[in-house]
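To start, the structure itself, in structure tokens.
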Amino acid sequence: MPDFAVIIPAAGSSTRFGADKLRTRLAGKDVLHWAIEAFLSRKDVVSLVMPSRTQGFGDDRPTYADLVESDPRFTWAAGGASRAESVLSALRQIPAHVEWVAVHDGARPLVSQDLIDRTLEAAVRYGAAVPAMPVTLTIKQATGPLPARVERTIPRAGLWAMQTPQVMRRADLLAAFESCPIPLGQVTDDVQLIELAGQPVYLVEGDERNLKITTPGDIRVAESWIE
């Protein structure tokens with residue numbers, strides 16, 4: 001497998017969590033620490049760029065401060081008004097000779113090395129790949145706010161919930177940003193840009209432990225898996 005760069009967006013507001021979820025402790029480490037460590041532990045990662053609204057550390061140092069300060073592969077990027085703008089800011093800092101880039105949610109602390117390997121392997125084979133889990137809930141369409149009348153039930157066969165890392169060619173993602181036909185604030189995940197550019201995206205089997213921390217209850221679930 002080739003070397004690759006990683007972007008871990010960390011400029012969100014954690015509105016649904018009620019606090020900075022990336023700085024919340026999970027088994028003794030910040031949530032974001034786990035995600036960063038999963039990639040910086042790999043020899044094939046040549047660059048890790050983290051877009052953030054606050055670059056550097058003050059007196060309130062996160063648990064990952066020493067980790068990133070001691071690793072020359074780590075770089076800050078300015079966070080944008082949306083996730084996509086943050087990713088673009090980081091993407092522009094990745095050297096042109098790096099062919100592959102992975103974008104991973106900082107709020108997914110339990111990503112496994114096996115999942116990273118499988119997604120990278122599929123991306124190299126097909127051009128772009130993302131781990132996914134089958135949708136098991138019944139999905140209703142309605143126009144909010146609630147209470148709202150149900151408009152229809154969406155068949156869940158063939159529906160998949162996206163995870164990260166999402167892996168694609170750096171040049172393809174950069175070109176997709178440049179040709180994006182919708183406002184970047186409406187882009188909900190990274191491979192959507194590749195889709196909008198008319199290029200194929202392939203799904204690989206996700207991992208239920210690769211959950212995204214969204215509510216305080218997710219911390220308890222993640223801790224039970226670490227134990």
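We're numbering straight along the sequence, starting at 1.
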Would you say [Y] ends up clustered with [X] if hydrophobic residues are merged whenever their side chains have heavy atoms under 4.5 Å apart, either directly or through other cluster members?
X	Y	value
Val49	Leu67	no
Ile94	Val167	no
Leu88	Leu196	yes
Val111	Val87	no

Residues Ser82 and Glu85: side-chain donor-acceptor under 3.5 angstrom: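 Checked: Ser82/Glu85 side chains pair up, N/O donor to acceptor below 3.5 Å.
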Ignoring hydrogens and angles, state whether a donor on the side chain of Asp189 or Gln166 is under 3.5 Å from an acceptor on the partner side chain.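 A donor-acceptor contact under 3.5 Å links the two side chains.
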Go through Val130 and Val204 one step at a time and tell me if the side chain to side chain contact (heavy atoms under 4.5 Å, CB included) criterion holds. CA-CA 6 Å; Val130 54; Val204 299; over 6 Å; no
Please set out all donor-acceptor pairs under 3.5 angstrom arising from side-chain atoms of residues 171-186, sequence neighbours excluded.
from: Ser179; atom 1: OG; to: Ala175; atom 2: O; distance (Å): 3.2

Under a 4.0 Å N-O cut-off, is there an ion pair linking Asp71 with Arg73?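 Judged by the 4.0 Å cut-off on N to carboxylate O distance, Asp71 and Arg73 do form a salt bridge.
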Can you tell me if CD on Glu205 sees more than 12 non-hydrogen neighbours from other groups inside 6.0 Å?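 No, because the 6.0 Å sphere around CD of Glu205 holds 12 heavy atoms or fewer from other groups.
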For Arg61, is the CZ atom crowded, meaning more than 12 foreign heavy atoms sit under 6.0 Å from it?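 Yes, enclosed.
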Might you point out which heavy atoms bring [X] and [Y] nearest each other, and give the distance in Å?
X	Y	value
Ala107	Val31	CA-CG1, 4.1 Å
Gly144	Ala148	CA-CB, 4.2 Å
Arg108	Ala35	O-CB, 3.9 Å
Gly106	Leu32	CA-CD1, 3.7 Å

Trace of the salt bridge (Lys or Arg N to Asp or Glu O under 4.0 Å) decision for Asp218 with Lys212: CA-CA 8 Å; Asp218 295 328; Lys212 185 175 184 180; over 6 Å; no
Sort and list the pairs that fulfil ring pair (Phe, Tyr, Trp, His ring centres under 6.0 Å) and have at least one residue in residues 36-59, not counting sequence neighbours.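 Found Phe39-His104, Phe57-Tyr64, Phe57-Trp76.
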Determine whether Lys29 and Glu37 satisfy the following criterion, salt bridge (Lys or Arg N to Asp or Glu O under 4.0 Å), listing intermediate values before the conclusion. CA-CA 10 Å; Lys29 301 176 185 177; Glu37 193 171 42; 2.8 Å; yes
Would Val187 and Arg83 satisfy side chain to side chain contact (heavy atoms under 4.5 Å, CB included), going step by step from the backbone distance to the final call? CA-CA 8 Å; Val187 175; Arg83 175 193 171 90; over 6 Å; no
With sequence neighbours left out, what residues match Phe4 under ring pair (Phe, Tyr, Trp, His ring centres under 6.0 Å)?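 Expected list: none.
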From CA spacing to verdict: salt bridge (Lys or Arg N to Asp or Glu O under 4.0 Å), Asp117, Arg42: CA-CA 11 Å; Asp117 288 341; Arg42 299 176 62 100; 2.7 Å; yes
